[in-house]
A.B. asks: 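The structure under discussion is supplied below as structure tokens; questions concerning it will follow.
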Amino acid sequence: MTTATTPAIHITGLEKSYKKLHVLRGVDLDVERGTIVALLGSNGAGKTTIIKALSTLLATDAGSATVNGFDVTADAAKVRESISLTGQFAAVDEILTGRENLALIARLRHQRDPGTIADDLLERFSLTDAGKRRVATYSGGMRRRLDIAMSLIGHPSVIFLDEPTTGLDPEARIEVWNSVKELAAGGTTVLLTTQYLEEAEHLADRIAILHEGRIIVNGTLAELKELLPPAKVEYIEKQPTLEDVFFALVGRKEAK
């Protein structure tokens, strides 16, 4: 039974292997409702594997997970009804206009008055002026904002964002950050994966670091910084950054 105190996402002992490659080795993670949690990890750490498992796109070998109180295996249909997934590449139709993309998804999700829904989302994501233009003319940041807007149709309570700003320029990245913060402010739970440490610092209420198939640390930015002592540079105390913490925990890869 789902209650206000039940975590939006609850993962226990999740394991996944691809032949002899053990990607997940017992992942435990809780994500509270209405929060943004950033999942950090190196390439191949298993971040996308977790997202696929939680969104019912991938069966795991062991462990369990619930999303919005529904088991991802036993209640997969209920999970899909309450989530939205935005992958690493914007899933928008470049031939259609921004408004047509939104209205199409609203119709596919059997929503009433797709046109009004499209107009409201265009306004919310500052895309009204571009709404009648073909998406092929949009910048990367505009496409990603449209993609996130499309994911909100149907009012999902949990949104998965898999590296939402990969390949975007700094200005476009900030546009997406602002959109994500608005989602959480409205009560939506957001689990995002990212390789950008600055992104996690800027957005996340909590940060979880995935390394060698397990969550090795999970806490607020302040809590993570407490893991390392401050350094003194010319008699001035310098607080550790998230980058310092990340590489202290997972190690730096030697250049080849």
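Computed from heavy atoms alone, side chains included, the values below leave out hydrogens, waters and symmetry copies. These figures come from a predicted structure and were not determined experimentally.
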A.B. asks: Is the closest side-chain heavy-atom distance between L40 and V250 below 4.5 Å?
C.D. replies: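 The answer is no, as the side chains (C-beta and beyond) never meet within the 4.5 Å cut-off.
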A.B. asks: Does some side-chain heavy atom of T97 sit less than 4.5 Å from a side-chain heavy atom of N101?
C.D. replies: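 Not in contact.
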A.B. asks: Can you tell me how far the CG atom of L152 sits from the CG atom of D120, to the nearest 0.5 Å?
C.D. replies: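 Those atoms lie 12.0 Å apart.
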A.B. asks: Within a strict 4.5 Å, meaning less than it, do heavy atoms of the E243 and E198 side chains meet?
C.D. replies: no
A.B. asks: For a 4.5 angstrom cut-off between non-hydrogen side-chain atoms, does E199 reach H202?
C.D. replies: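 Heavy-atom side-chain distance check fails, nothing below 4.5 Å.
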A.B. asks: Within a reach of under 6.0 Å around NZ of K52, are more than 12 heavy atoms found that belong to other residues, nucleotides or ligands?
C.D. replies: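 At most 12 heavy atoms, drawn from other residues, nucleotides or ligands, come within 6.0 Å of this atom.
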A.B. asks: Determine yes or no for a side-chain-to-main-chain donor-acceptor pair under 3.5 angstrom, with S17 supplying the side chain and K19 the backbone.
C.D. replies: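 Pair absent, no side-chain N/O of S17 close to backbone of K19.
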A.B. asks: Taking atom types as modelled, find out whether S157 and H155 have a side-chain donor-acceptor pair closer than 3.5 angstrom.
C.D. replies: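 Side-chain D/A pair, S157 to H155: absent.
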A.B. asks: Does any part of the side chain of F160, heavy atoms only, come nearer than 4.5 Å to the side chain of T48, both counted from C-beta?
C.D. replies: no
A.B. asks: Is I95 atom CD1 crowded by more than 12 heavy atoms from other residues, nucleotides or ligands, each under 6.0 Å away?
C.D. replies: no
A.B. asks: Are any of the side-chain heavy atoms of T49 and I51 separated by less than 4.5 Å?
C.D. replies: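 Result no, sub-4.5 Å side-chain heavy-atom pair not found.
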A.B. asks: Should we say atom CD of E223 is surrounded by more than 12 heavy atoms from elsewhere, each under 6.0 Å from it?
C.D. replies: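 More than 12 within 6.0 Å, yes.
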A.B. asks: Does any non-hydrogen side-chain atom of I159 lie less than 4.5 Å from one of L161?
C.D. replies: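 The answer is yes, as the side chains (C-beta and beyond) meet within the 4.5 Å cut-off.
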